[in-house]
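Please read these numbers as outputs of a predicted model, since none were measured by experiment. When a ligand or atom number is given, it counts from 1 through the structure's own listing order.
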Amino acid sequence: MAANTVTPALPAPATPAGAPAPAPNPAEAPKLGLPLPVLHATVLDWYEANARDLPWRTPDASPWAVMVSEFMLQQTPVKRVLPAWAAWMERWPTPADLAAEPPGEAVRAWGRLGYPRRALRLHGAAVAITEEHGGEVPEDHATLLSLPGVGEYTAAAVASFAFRQRHVVLDTNVRRVFARAVTGVEYPAQATTAAERRTATALLPDAAGTAATWAVAVMELGALVCTARGPECGDCPLFTSCAWQRAGRPPYEGPARRGQSYEGTDRQVRGKLLAVLREAFGEVPQARLDAVWPDAVQRARALDGLVADGLVEPVAQGVYRLPR
Ligand code: SF4
């Protein structure tokens, strides 16, 4: 085993959802090519010099602004999120502003960000924050987790990025960096494993503020340098210590990775149907929906799915609208 690879089975239990990450036990730390403080300093220095200037990272960004960004960024690239986020925050600068409008307006404003159920969930979170939390995004991880649409990742990200708390924040970028730099494999498992969580916990800096910056710094490294298909190892601050690099970049040997096919899928049909409803500002007859996709069976299946998901409301026989 290379000197900088992690011991796969660390004995500490995974951090339970809702709990702050436990302080690291030096005896359980992954075996890295760098001492932990040097690793932290290396990545944090890189982040300070290279971080993108994103509006939800500014010191005056509200917790709501951070939460909106996290919902949007879950499955959409930053470049597409930026204008949608700016328009959203201009229109709904607080959760109460969004909660005062029908959920269909959230779906309309979601535009082409994709996976529009996120818009409904964000609206649901805004209503819960307004009605149950005095209009303020809660700081507590467990309370965040109780909001509609807020899962383990989003709760940790909001607690960390908005409130500077110490949590393990594991998104696809972070998981990929740790898989390569620490474990020495090109890609992580398809679903997050307990071993990954233990590794991430062991690597987390002690101080809450530093841990919060570490979380976003590793994420940024994965987004900008250690990318999925073309890692720029020559520009990486971890180049000399990276386990995958030192092992000669062994090819991925795990199960086939899921593709992102879109053309011809029900997702594409749903997108086309929803675009008609978003642009209509009112009720839409079936005939206008029928015009966007030739396959009647697939079209009906996609429309049924939108109705079942609460993204579309049937108002009369053959007439539809966004939810109110
Ligand atoms: S050296 Fe390459 S593979 Fe390793 S962490 Fe950096 S970019 Fe990723």
Centroid-centroid distance, Trp88 to Trp110, less than 6.0 Å: yes
Using a 4.0 Å cutoff against the non-hydrogen atoms of Arg180, which atoms of ligand 1 qualify? 3 (S)
For the residue pair Trp293 and Gln298, confirm or rule out a side-chain donor-acceptor distance under 3.5 Å. yes
Glu232 versus Thr227, side-chain donor and acceptor atoms under 3.5 Å: no
Quick check: does Cys236 have an N/O/S atom under 2.8 Å of atom 6 (Fe) of ligand 1? yes
Identify the protein heavy atom lying closest to [atom], giving its residue, its atom name and the separation to 0.1 Å.
atom	value
atom 3 (S) of ligand 1	Trp244 CE3, 3.4 Å
atom 1 (S) of ligand 1	Cys242 CB, 3.6 Å
atom 8 (Fe) of ligand 1	Cys226 SG, 2.4 Å

Below 2.8 Å, any N, O or S contact between Cys233 and atom 8 (Fe) of ligand 1? no
Could you label the plane-to-plane angle of the His167 and His141 rings as parallel, tilted or perpendicular, counting under 30° as parallel and over 60° as perpendicular? parallel
Could you walk me through whether Asp266 and Arg301 pass salt bridge (charged side-chain N to carboxylate O under 4.0 Å, His left out), step by step? CA-CA 8 Å; Asp266 284 7; Arg301 188 170 63 231; 2.7 Å; yes
